[in-house]
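These notes are about the structure you will find just below.
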Amino acid sequence: MHEVLSKKQLSPNVTRLDVMARRIAEIRQPGQFVIVRRGEGAERIPLTIADADPAAGSIALVIQAVGKTTRDLVALNPGDAIQDISGPLGRPTDLIASGRALCVGGGVGTAVIHPIAQGLRQRGVAVVSIIGGRSKEWVIFEDDLRKLGEVIVCTDDGSYGRKGFVTDAAKDVLAAGGVDCVYAVGPVPMMRAVVAVTKPLGVETIVSLNPVMVDGTGMCGGCRVSVGNETKFACVDGPEFDGHLVDFDLLWDRLGTYRTQEQESLVRHEGSCRIGLEKPNAG
Amino acid sequence: MSAKITTRERLKIDRQAMPERDATARAAGFSEVNLGFTEKLAMLEAQRCIQCKEPRCVAGCPVMVNIPRFIQFIADGDLAAAAQNLLGDNALPAITGRVCPQETQCEIECIRGLKGMSVAIGHLERFVADWASRHANQIVATPPQPTGKKVAVIGSGPAGLTAAGELVKLGHEVTVYEALHKPGGVLVYGIPEFRLPKKIVQEEVERLQRAGVKIECNVVIGRTYTLQELRARFDAIFIANGAGLPMFMNVPGENLKGVYSANEYLTRVNLMAAYQFPSADTPVIAGKRVAVVGGGNVAMDAVRTARRLGASSAMIVYRRTKKEMPARAEEVHHAEQEGIRFEFLVAPVEVQGNDQRWVTGLKCRRMELGEPDASGRRSPVPIPGSEFVIECDVVVVAIGSRANPLLTSTCPELKLNRNGNIAAGPNGMTSLPGVFAGGDIVRGAATVILAMGDGKRAAQAIDGYLKGA
Ligand SMILES: Cc1cc2nc3c(=O)[nH]c(=O)nc-3n(C[C@H](O)[C@H](O)[C@H](O)COP(=O)(O)OP(=O)(O)OC[C@H]3O[C@@H](n4cnc5c(N)ncnc54)[C@H](O)[C@@H]3O)c2cc1C
Ligand SMILES: Cc1cc2nc3c(=O)[nH]c(=O)nc-3n(C[C@H](O)[C@H](O)[C@H](O)COP(=O)(O)OP(=O)(O)OC[C@H]3O[C@@H](n4cnc5c(N)ncnc54)[C@H](O)[C@@H]3O)c2cc1C
Ligand code: SF4
Ligand code: FES
């Protein structure tokens, strides 16, 4: 059992939970994630370790409520508990040793960029972060990232920072030169767009892939992605890969596998929440 | 009561059939197929055993269960003694009684099989084990003398659980680390409810916990802790992390939506209870026409699962013939009863899909059997120009699994063999002092009872090592 210590709403659909997970807090590295199962009957889902406090023994999970499982998680309150958390899983980020890195975060991906920027900064790498959201209220982790270097904020509607997509800002930073590596995490279309910018320039780009996972240990193969025409298991070979080699179409496609079931689950969930009948009974 | 029965009379009794759930009814749900012997059936079956002086069945059992002895206690009606004896030889009899390939181990050796039918050893084993779990209080266990030594077991499949059980009996302090959220290994994530109810595995696990075994779930060795860290904290280690790396066919189209490894398909349905979706949260693509590639127990479990999830056509695609199928005979028989189709001498060459990249078919080639290969099985050879398409919307790949490198790759000091399995001696000793290994991680995908045998032998070897240390 992992107690929820604190809860904070970061944007209209993104919530931060700090939960107890002592061992993971001690040893987690940038780029690693955990598999979380809220309780009996719940799905196992992967969530990045956005931050950790080894002294308190807690890790930060930053959760975008997109479906049944993530909504159930953000409904938890301090004092509640998550039954299962396993990790830290995945390979740690391949951090460059020196120079200057550009970190691009879209939506909840900004929370994944944060530990990467932390790791880079610790090694003395200069960090420029570009983060984006629909409008001001959707921008997250700005203050945390400002502690680590320059931050460029983009909003689709121009309500805050620069108007436009993160890719536009990335183009400008790259054009000015001096970027040794790009780390991009966000929705698949965003990562694909960033790679479309960096590939012609030949700038190394690391992306974090988010396929559907079950065990997170390489046992099921459900998380398979294609990188350089080779099938990889994202949970053990990744989740981060060389963006120039990733088959984003395949990833996007496979993410749609359970769309029908996800909708069914959500509709049922919303209904049962209203009449207070939700009763998961398996697992 | 059976004391006066003569051998002649024993020989007159016919083998008692296992009561089964009706094939049509059961194919619509996940309830266990075999219902188990009643006490009356069990006693009758037990009387068929002629109590050989040199029992061949015992030699056929990988863990040498004293079969005639526990059967004699059944015949005598002393079920507590039957249970006591059986449990002394075999730590998980309710499981092996259900999943052992008895027809190639103990029962094939049974003398009564020479003329007629062998004694139903597996069914009797299951009967006694189930009786034991209902009457746990009647079985006495003497608590061991604590040794003060600590042993870590990695993995809670049959090898790990057996070793843990033996080690606590010997007085050692045992902690089992399991990567998933529930203990049992393949017994909970792979083998389906209709063949091995999860409740049975849970009862066996709880019995071990009562005996003092500590189990920590959600701990992935190689990630949460390294093997070297465990070596510093424990006096000895038993690695039993199984063969959990699914193999794919490496044919075009294998990443289409609707293609599963058997591990993923079965894990979703068993461990995550996807058959109860949406009251359980994890979904699975059920499929109207499901093609399962392979001919082992895993393939049989997957295809019978597909049937239960509502597939109107559930089919095995196997590149050899029925004779070469490695699955347990009972599973093949049950599959046939449930209307599973079998395509023999057929090998997939491509998974076909539509423009939304959902599976629409499996393109296959017909095969014929050529010369026997190294394993003695005749190897299939493709027939040129024989391509054809099996229409389907879900493909499950059940062609085997290999050693998962997650743990071993983080400990380069540990010697592996060519297939990535851990190199271990007959008692499980590895290249690292105090580190033992057994089960599928050493043998490659094998059987429950062989994994248990490894666990038992390794526990004895660990005990010896700890006493010497
Ligand atoms: C390595 C990794 C790290 C991630 N880190 C974060 C994070 O820090 N914060 C965050 O909000 N999200 C993160 N995600 C995505 C998160 O796991 C999914 O949003 C979540 O599983 C959706 O579950 P749901 O039931 O709420 O939604 P659903 O309605 O089930 O699905 C919504 C969408 O989420 C995706 N999804 C569904 N099930 C899974 C699954 N088991 N594994 C992965 N994706 C799935 C699918 O694309 C689906 O279309 C991460 C994913 C991966 C692979
Ligand atoms: C679908 C299916 C059906 C089968 N049917 C039969 C049958 O009818 N009869 C029969 O005899 N055999 C059958 N088998 C084979 C049998 O189940 C295996 O041979 C047996 O389970 C192997 O036992 P094990 O203890 O070595 O490993 P496993 O049962 O695989 O257990 C290994 C455990 O270790 C855990 N683990 C893995 N890596 C780590 C890590 N790094 N840290 C911590 N824990 C870890 C895993 O999660 C798992 O729980 C079947 C197998 C499958 C897949
Ligand atoms: S453990 Fe398996 S092989 Fe041994 S007697 Fe029991 S059923 Fe037969
Ligand atoms: S999630 Fe199962 S292999 Fe990656």
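Order of the sequence lines sets the chain letters (A, B, ...), proteins ahead of strands, with each chain counted from 1.
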Heavy-atom cut-off 4.5 Å, strictly under: side chain, backbone, both or neither for [X] against chain A?
X	answer
B:Leu266	neither
B:Leu406	side chain
B:Thr267	side chain
B:Tyr189	side chain

Using a cut-off of under 4.5 Å on heavy-atom pairs, state which of [options] scores highest against chain B.
options	answer
A:Ile24, A:Leu89, A:Thr69, A:Val225	A:Leu89
A:Ile27, A:Leu250, A:Thr231, A:Val34	A:Leu250
A:Asp253, A:Thr257, A:Thr260	A:Asp253
A:Gly221, A:Ser265, A:Gly90	A:Gly90

So which part of [X] gets closer than 4.5 Å to some heavy atom of chain B, the side chain, the backbone, both or neither?
X	answer
A:Arg28	neither
A:Arg23	side chain
A:Gln261	both
A:Val212	side chain
A:Val214	side chain
A:Asp249	both
A:Ile45	neither

Taking the side chain as C-beta and beyond, is there a heavy-atom pair between A:Leu5 and A:Met20 under 4.5 Å?
yes
Is the shortest heavy-atom distance from the side chain of B:Lys257 to the side chain of B:Val359 under 4.5 Å?
no
If you count heavy-atom pairs under 4.5 Å between each of [options] and chain A, which one has the most?
options	answer
B:Cys217, B:Pro278, B:Ser409	B:Pro278
B:Asn255, B:Asn263, B:Thr282, B:Leu245	B:Asn255
B:Val397, B:Asn404, B:Val220	B:Asn404

Cation-aromatic face contact B:Arg308/B:Phe194, 6.0 Å, 45 degrees:
yes
Any ion pair linking A:Arg44 and A:Asp215 (charged N to carboxylate O, less than 4.0 Å)?
no
State whether A:Asp237 and A:Lys232 are salt-bridged, where the test is any N-O pair (Lys NZ or Arg NE/NH1/NH2 against Asp/Glu carboxylate O) under 4.0 Å.
no
Sub-3.5 Å donor-acceptor pair from the side chain of [X] to the main-chain atoms of [Y], do we have one?
X	Y	result
B:Lys182	B:Val188	no
A:Asp80	A:Asn77	yes
B:Asp440	B:Ala446	yes

Would you call the rings of B:Tyr260 and A:Tyr258 parallel, tilted or perpendicular if under 30° counts as parallel and over 60° as perpendicular?
tilted
Are B:Thr226 and B:Glu229 close enough that a side-chain donor and a side-chain acceptor fall under 3.5 Å?
yes
Result for side chain to side chain donor-acceptor pair (under 3.5 Å) between B:Gln202 and one of B:Lys199, B:Glu204, B:Lys198, B:Glu206 points to B:Glu206
